[in-house]
Amino acid sequence: MIWSSAFVAGKIGLRYTDPYTLLTARFLLAAVLLLFVCLPTMKKHIFSDRTLLRDALLLGALNNALYLGLTFTSLRYISPELVVVVVSCAPFLTSIIAGVLGVERIGVRIVAGIVIGFCGVLVIALARPIGTLDPTGVGLAFLGTASFAAATVFYRNRAALHSPQQVNFWQSAIAMVLLMPLALYQNAQGAATLPSLPLTAVVAYLAIVVTIGGMWMWLYLIRRSGATTASTYHLANPFCGLLLSYLVLGSEFKLTDLIGIAIIVLGLFIVTRSTSGARSESKKHQSNTPSN
């Protein structure tokens, strides 16, 4: 729900500024606040851990700058409904990358659960006008989704090395640096920013609730459940986004949305049951293995 609320808050914020200025302000505020959160608990000086810096540089580019930058830009070419469908392919890409790299074992039940969940996404999205199938927009959305999937697998592979909040600080700071030139360019081209209380509230919400809170939970979930299972929860984004849009923006809510929700829940149930069963078998195997 928190992750999906970013799209609703972002839609409100875009009434007052361009997407790159909004994202830059969001990550700037998040980085400043996270700096004060991280400093008291750092075993090393926050600027001297080269492994953390190297990993966070890649995560900041993939997770925040490329993923959000590309998907926001794709909205100029294709409808939000089509962007949702493309972004919901993240579990497929994550499982493929994790399987190819040998980071996780992907079973038939997990693949079946992802496919079922994605069918639920299609039921929700295709009941709405998709609009023009512009290749440029679809390509940008797909590249953004692929970068997010790659970041998920990368963090899973190195999750034990770093604290989620430390990673969150650096990837927010790095994303801010990468996005700022685009924000400056947009303003130079005439994109106007209208300072207002709603815009300030949106930036504060995106920084504190979504980036600090939501991203921390996301990184923790990857460590706890694995890249594939964590990514599968993104199948719930269309429903959560529609529900929040209905409550906040007065958007339409259809019967097909409820049908899609039921299908998504079934898919998520299959995936989470499969992964929890696999962990139980692993623990049982470890307990039966004699120690040295």
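None of these values were measured; they are calculated from a predicted model.
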Treating Ile, Leu, Val, Met, Phe, Trp and Tyr as nodes and any side-chain heavy-atom pair under 4.5 angstrom as an edge, say whether [X] and [Y] lie in one connected cluster.
X	Y	result
V108	F118	no
I96	I110	no
F92	V100	no
L23	Y185	no
L197	V202	no

Under a 4.5 Å cut-off applied to non-hydrogen side-chain atoms, are [X] and [Y] in contact?
X	Y	value
T211	R26	yes
L179	N64	no
Q166	L52	yes
W170	L53	yes
L33	F169	no
V111	S95	no
T193	L199	yes
P135	Y77	no

Dump the intermediate steps for side-chain contact (heavy atoms from CB on, under 4.5 Å) on W3 and M215, then the final yes or no. CA-CA 8 Å; W3 199 277; M215 182 58 75; 3.8 Å; yes
Measure the [atom1]-[atom2] distance between [X] and [Y] for me, rounded to the nearest 0.5 Å.
X	Y	atom1	atom2	result
T232	I264	OG1	CD1	12.0 Å
L29	T24	CG	OG1	12.5 Å
I222	M217	CD1	CE	13.0 Å
I174	L57	CD1	CG	4.5 Å
L35	Q165	CG	CD	12.0 Å
T228	L93	OG1	CG	11.0 Å

Donor-acceptor pair, [X] side chain versus [Y] backbone, under 3.5 Å?
X	Y	value
S231	A227	no
R156	R223	yes
T17	L14	no

Under the side-chain contact (heavy atoms from CB on, under 4.5 Å) criterion, do M1 and L244 qualify, and how do the steps go? CA-CA 8 Å; M1 291 295 287; L244 291 170; 3.8 Å; yes
Is there a donor-acceptor contact under 3.5 Å linking the side chains of S225 and Y233?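 The criterion, which ignores hydrogens and geometry beyond distance, is not satisfied for Y233 and S225.
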Taking atom types as modelled, is there a side-chain donor on T21 or N187 under 3.5 Å from an acceptor on the other? yes
L206 and L22: side-chain contact (heavy atoms from CB on, under 4.5 Å), yes or no, with the steps? CA-CA 9 Å; L206 289 173; L22 180 62; 4.2 Å; yes
How close do [X] and [Y] get, heavy atom to heavy atom, and via which atoms?
X	Y	answer
Y67	G144	CD1-O, 3.4 Å
P164	W216	CB-CD1, 3.6 Å
I114	P91	CG2-CB, 3.8 Å
G137	S74	O-CB, 3.3 Å
C240	S4	CB-OG, 3.2 Å
V209	I2	O-CG2, 3.6 Å

Should the pair F148 and W218 be assigned to parallel (<30°), tilted (30 to 60°) or perpendicular (>60°) ring geometry? parallel
Pair C119, V123 - check side-chain contact (heavy atoms from CB on, under 4.5 Å), show working. CA-CA 6 Å; C119 289; V123 169; 5.6 Å; no
